[in-house]
J.: 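Got a structure here, written out as structure tokens. Questions coming.
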Amino acid sequence: MADAATPADKRLPNRQTPFSEPFKAFIPQGWAPYSDELPDALPATAFTAARRAAISAEFPGDRLVIPAGELKPRSNDTDYRFRPHSAFAHLTGLGTDREPGAVLVLEPTDDGHDATLYFKPRAPRTDPEFYADARYGEMWVGRRESLAEMEALSGLHCAPISQLGDALAKNAGATRVLVVADADAEVTATIQAQRAEVGAEADALADERLSVALSELRLVKDAFEADELRAACDSTADGFEAVVASLPEAVRRGRGERWVEGVFGLYARHAGNAVGYDTIAASGDHANTLHWIDNDGDLRPGDLLLLDAGVERDSLYTADVTRTLPVSGRFSPAQRKVYDAVLAAQRAGVEAARPGAKFADVHAAAIRVIAEHLHDWGLLPVSVDESLDPETGGHHRRWMVHGTSHHLGIDVHDCAQARQENYRGGPLKPGMVITVEPGLYFKSTDLLVPEELRGIGVRIEDDVLITADGCEILSARLPRDADAVEAWMAALLSSG
């Protein structure tokens, strides 16, 4: 990696190399002019105006400040790859790595709000930023958009970030200013200081209400979002197929969980922006650690591989799919016993995922099937109904401690700040997208479990769109039935 320490980077002054005056005169010369052709609008912008109008209607008269967030250092002068705050991406349509330091401001008017996107447009080549700024300079990070280009991309009125301070301070004391407080510490600190100056510290109490409203705005997906999630699931299926084809190589090389993670990551970066979350590639007993992301184990013939992975689109909408696969291509009798129980639970959960049902009904349907199997196998010390009693039971949770579902969208755990009565206690509506993902996890050290089941962990997860009369399984391209999984794997392994 090139040395990013320049006179514009104050973090590591011991590595700065001064630029001579002749260089400064020479560097802006002889470049082809920037094109006057403006880019096409991003596809999401056909829907973002309606999203902004919905949030505007909830906060009449308030100035709403939604930052994208800032770059975060990974190590010294190297930054993590930027991902905008989800509320910012949802309201602007900007995905991938757009736009560090940007801030969307919804300014109150007599009939709603006017939206302005404040960001750092590219500097002219005569500006030291062009060659000396390792975070924003064109020679370091590529060509950035001009104001006109960003307006064309986003469909928003745009202004340079240097004007943000005046915009935030306008009518101080007369206009309540609300901010997504966790998005950008510097912007939040500026607003808090302004509140202190005008005695409006109490306005900070409404910041949480804004964050909740922005989260609940995403509970029901529009047509663009549904299509992006379908595409994310399709790309995820491509990645799963590539993993299956590469299983013999993963076994041969050792540390096969890392190989699986890498193969899927290649497909995610090629087809979309990245993985939507750290891939779980858990073989053998590792599958019984719910968020196993070390992925440093071997893949062994005869073991299961629990692969929980999703491709995130350039729009930032992500799939979240889990399949549990026999490394050798065929389930053992004990593995199939557990797998079939989880599949029965998942089918019950999917059947419960329909409009008018409560979000919690999906979990209730799936977990009852789990409890019934555990009881039939002699593992529950109480009856099924006693175990399912939320006050005095819960014994089944020893082997499935997590919930069955979560909302899915621009975040893998989407709408996380929604109120309880609108999330877990709320009704399912057409346009909602949730996961259905029961599992059974029998740790190798669990002495209450028959020895033949110890070390077996199974989860099956699909992404489900609630429709007018039921649901659509967006990830249905990947087989679930044990026989179908074996046939699918056999075809992929023979073609590999």
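Residue numbers run from 1 in the order of the sequence given.
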J.: Looking at every heavy atom in both T188 and A181, which two are closest together, and how far apart are they?
T.: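 Looks like OG1-O, 3.0 Å.
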J.: Under 4.0 Å between a Lys/Arg side-chain N and an Asp/Glu carboxylate O for E421 and R424?
T.: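 No, this pair does not count.
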J.: Looking at F26, I want to see if its CZ is surrounded by more than 12 non-hydrogen atoms of other residues, nucleotides or ligands under 6.0 Å.
T.: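 Open: at most 12 neighbouring heavy atoms sit under 6.0 Å from CZ of F26.
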J.: Quick check: Y118 with H157 (ring centres under 6.0 Å apart)?
T.: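 No - the distance between ring centres of H157 and Y118 does not fall below the 6.0 Å cut-off.
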J.: Between D389 and E391, what is the shortest heavy-atom contact and its length?
T.: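 In this case the closest contact between D389 and E391 is OD1-N, 2.8 Å.
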J.: As an exercise, state the distance from SG of C471 to CD1 of I466, rounded to the nearest 0.5 Å.
T.: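 If I round to the nearest 0.5 Å, the distance is 5.5 Å.
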J.: Hey, is E228 close enough to K221 for a salt bridge, meaning N to O under 4.0 Å?
T.: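 No, no charged N to carboxylate O under 4.0 Å.
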J.: Below 30° counts as parallel, above 60° as perpendicular, anything between as tilted: where do the rings of W31 and F130 land?
T.: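 Perpendicular, since the angle between the ring planes exceeds 60°.
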J.: Can you pull out every salt bridge (charged side-chain N to carboxylate O under 4.0 Å, His left out) where at least one residue sits in residues 167-191? Sequence neighbours excluded, please.
T.: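 Sorted pair list: D62-R176.
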J.: Which pair of heavy atoms, one from R125 and one from P28, lies closest together, and at what distance?
T.: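 Nearest heavy atoms, R125 then P28: O-CB, 3.5 Å.
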J.: Any Lys/Arg nitrogen of D361 or K358 sitting under 4.0 Å from an Asp/Glu carboxylate oxygen of the other?
T.: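 Here D361 does not pair with K358 in a salt bridge, since their nearest N and O are not under 4.0 Å apart.
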J.: Restricting to side-chain hydrogen bond (donor to acceptor under 3.5 Å, both in side chains), what partner residues turn up for E138, sequence neighbours left out?
T.: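 Scan of E138 (side-chain hydrogen bond (donor to acceptor under 3.5 Å, both in side chains), adjacent residues dropped) gives Y34.
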J.: Can you check whether L168 reaches Q194 side chain to side chain, under 4.5 Å on heavy atoms?
T.: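 Answer yes - side chains close enough.
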J.: Taking the basic N atoms (NZ, or NE/NH1/NH2) and the acidic carboxylate oxygens, is any pair closer than 4.0 Å for E472 and R230?
T.: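 So E472 pairs with R230 through a salt bridge.
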J.: Under the rule for side-chain contact (heavy atoms from CB on, under 4.5 Å), what residues qualify as partners of S235, not counting sequence neighbours?
T.: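 side-chain contact (heavy atoms from CB on, under 4.5 Å) list for S235, sorted by chain: A271, V311.
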J.: So does E461 get a backbone contact from the side chain of T322, meaning a donor-acceptor N/O pair under 3.5 Å?
T.: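 Answer holds: no.
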J.: List in chain and number order the residues that pass ring-ring contact (aromatic ring centres under 6.0 Å, His included) with F224, two or more places apart in sequence or in another chain; answer none if no residue qualifies.
T.: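 By the ring-ring contact (aromatic ring centres under 6.0 Å, His included) rule, F224 matches F47.
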J.: Quick one: does Y277's side chain have a donor or acceptor within less than 3.5 Å of a partner on A309's backbone?
T.: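 Checked: pair present.
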J.: With no hydrogens and no angle check, is any side-chain donor or acceptor of R83 less than 3.5 Å from a backbone partner on G95?
T.: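 Side chain of R83 to backbone of G95, a donor-acceptor pair under 3.5 Å: no, none is there.
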J.: Taking only residues two or more places apart in sequence or in another chain, which ones pass side-chain contact (heavy atoms from CB on, under 4.5 Å) with P39?
T.: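 For P39 the side-chain contact (heavy atoms from CB on, under 4.5 Å) partners, ignoring immediate neighbours, are E149, A152, L153.
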J.: Looking at K120 and E129, is any side-chain nitrogen of the basic one under 4.0 Å from a carboxylate oxygen of the acidic one?
T.: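 K120 and E129: salt-bridged.
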J.: List the atom of L147, the atom of P160, and the distance in Å for their closest heavy-atom pair.
T.: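 Answer, listing the atom of L147 first, then P160: CD2-N, 3.8 Å.
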J.: Give a yes or no on whether Q29 atom CD has more than 12 heavy-atom contacts from other residues, nucleotides or ligands under 6.0 Å away.
T.: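 Yes, because the 6.0 Å sphere around CD of Q29 holds more than 12 heavy atoms from other groups.
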J.: For R255, is there an ion pair with D296 - N to carboxylate O distance below 4.0 angstrom?
T.: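 Between R255 and D296 there is no salt bridge, as every charged N stays at least 4.0 Å from the carboxylate O atoms.
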J.: To the nearest 0.5 Å, what is the distance between CG (L156) and CE (M150)?
T.: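 If I round to the nearest 0.5 Å, the distance is 9.5 Å.
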J.: With a 3.5 Å cut-off and sequence neighbours excluded, list the donor-acceptor pairs that the side chains of residues 259-270 form with protein atoms.
T.:
residue : atom : partner : partner atom : Å
E261    : OE1  : N295    : ND2          : 2.9
R269    : NH1  : N273    : O            : 2.5

J.: Would you list the pairs meeting salt bridge (charged side-chain N to carboxylate O under 4.0 Å, His left out) in which at least one residue belongs to residues 207-219, sequence neighbours left out?
T.: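 Qualifying pairs: R195-D207, E216-R419, R218-D411, R218-D414.
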J.: Mind checking what makes salt bridge (charged side-chain N to carboxylate O under 4.0 Å, His left out) contact with D234, not counting sequence neighbours?
T.: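 Scan of D234 (salt bridge (charged side-chain N to carboxylate O under 4.0 Å, His left out), adjacent residues dropped) gives R477.
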J.: Under the side-chain contact (heavy atoms from CB on, under 4.5 Å) test, which residues partner P60, sequence neighbours left out?
T.: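 Expected list: none.
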J.: Give a yes or no answer on whether the side chain of R459 reaches the backbone of L306 with a donor-acceptor pair at less than 3.5 Å.
T.: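 Here the side-chain-to-backbone pair does not exist.
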J.: Would you check if the side chain of T92 reaches a backbone N or O of F88 as a donor-acceptor pair within less than 3.5 Å?
T.: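 Yes; at least one donor-acceptor contact below 3.5 Å.
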J.: Between F119 and I161, is any pair of side-chain heavy atoms under 4.5 Å apart?
T.: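 No - every pair of side-chain heavy atoms lies 4.5 Å or more apart.
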J.: Could you give the distance from CG (L104) to NE2 (H90), rounded to the nearest 0.5 Å?
T.: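 Reported value, rounded in 0.5 Å steps: 12.5 Å.
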J.: Any side-chain heavy atom of D462 sitting closer than 4.5 Å to one from V436?
T.: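 Not touching, per the 4.5 Å side-chain cut-off.
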J.: Is the closest side-chain heavy-atom distance between L307 and T279 below 4.5 Å?
T.: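 Side-chain contact under 4.5 Å: yes.
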J.: Does P84 reach the side chain of L316, with side-chain heavy atoms less than 4.5 Å apart?
T.: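 P84 vs L316: side chains touch.
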J.: Looking at T236 and A232, would you say the former's side chain and the latter's main chain have a donor-acceptor pair under 3.5 Å?
T.: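 Confirmed, T236 side chain pairs with A232 backbone.
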J.: So, E151 side chain and C158 main chain: donor-acceptor pair closer than 3.5 Å or not?
T.: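 Checking the backbone N and O of C158 against the side chain of E151, a donor-acceptor pair under 3.5 Å is found.
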J.: For E37 and S35, does a side-chain donor sit closer than 3.5 Å to a side-chain acceptor?
T.: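 No, because no side-chain N or O of E37 sits under 3.5 Å from a partner of the opposite role on S35.
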J.: Taking all non-hydrogen atoms of both residues into account, name the closest pair between P355 and P430 and its distance.
T.: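 Minimum heavy-atom contact is CB-CD, 4.0 Å.
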J.: First locate atom CG of L388, then atom NE2 of H396, and finally report the distance between them rounded to the nearest 0.5 Å.
T.: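 Rounded to the nearest 0.5 Å, the CG-NE2 separation comes out at 5.5 Å.
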J.: Are the side chains of V464 and M432 in contact, using a 4.5 Å heavy-atom criterion?
T.: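 Contact flag for M432/V464 side chains = no.
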J.: State which residues pass side-chain contact (heavy atoms from CB on, under 4.5 Å) with V198; sequence neighbours excluded, sorted by chain then number.
T.: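 V198 satisfies side-chain contact (heavy atoms from CB on, under 4.5 Å) with A172, A200 once adjacent residues are dropped.
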J.: Which residue pairs pass the salt bridge (charged side-chain N to carboxylate O under 4.0 Å, His left out) test when at least one of the two sits in residues 97-106, sequence neighbours left out?
T.: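 Sorted pair list: R98-E145, E99-R144.
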J.: Is any side-chain heavy atom of R135 less than 4.5 Å from a side-chain heavy atom of F82?
T.: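 When only atoms from C-beta onward are counted, F82 and R135 do not touch, as no gap falls below 4.5 Å.
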J.: Between D222 and R51, does any NZ, NE, NH1 or NH2 come within less than 4.0 Å of an OD or OE carboxylate oxygen?
T.: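 Answer for the salt bridge query: yes.
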J.: Do you see a donor-acceptor pair shorter than 3.5 Å between the side chains of T318 and E312?
T.: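 Result is no, nothing qualifies.
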J.: Who passes ring-ring contact (aromatic ring centres under 6.0 Å, His included) against H406, sequence neighbours left out?
T.: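 Partners of H406 under the ring-ring contact (aromatic ring centres under 6.0 Å, His included) test: H413.
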J.: Take R63 and D114 through the salt bridge (charged side-chain N to carboxylate O under 4.0 Å, His left out) test and state the conclusion after the steps.
T.: CA-CA 10 Å; R63 179 177 299 134; D114 287 338; over 6 Å; no
J.: Please find the pair of heavy atoms, one from A134 and one from V141, that lie closest to each other, and give the distance.
T.: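 Looks like O-CG1, 3.5 Å.
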J.: Taking the basic N atoms (NZ, or NE/NH1/NH2) and the acidic carboxylate oxygens, is any pair closer than 4.0 Å for D127 and R122?
T.: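 Answer for the salt bridge query: no.
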J.: Looking at CG of L214 and NE2 of H85, how far apart are the two atoms once the value is rounded to the nearest 0.5 Å?
T.: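 Taking CG in L214 and NE2 in H85, the distance rounds to 8.5 Å.
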J.: Would you mind reporting whether D320 and D463 have side-chain heavy atoms less than 4.5 Å apart?
T.: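 Contact flag for D463/D320 side chains = yes.
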J.: Nearest 0.5 Å, what's the CG-CH2 distance between D278 and W292?
T.: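 These two atoms lie 13.0 Å from each other.
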J.: Backbone N or O of T404 within a donor-acceptor pair of the H363 side chain at under 3.5 Å?
T.: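 Yes; at least one donor-acceptor contact below 3.5 Å.
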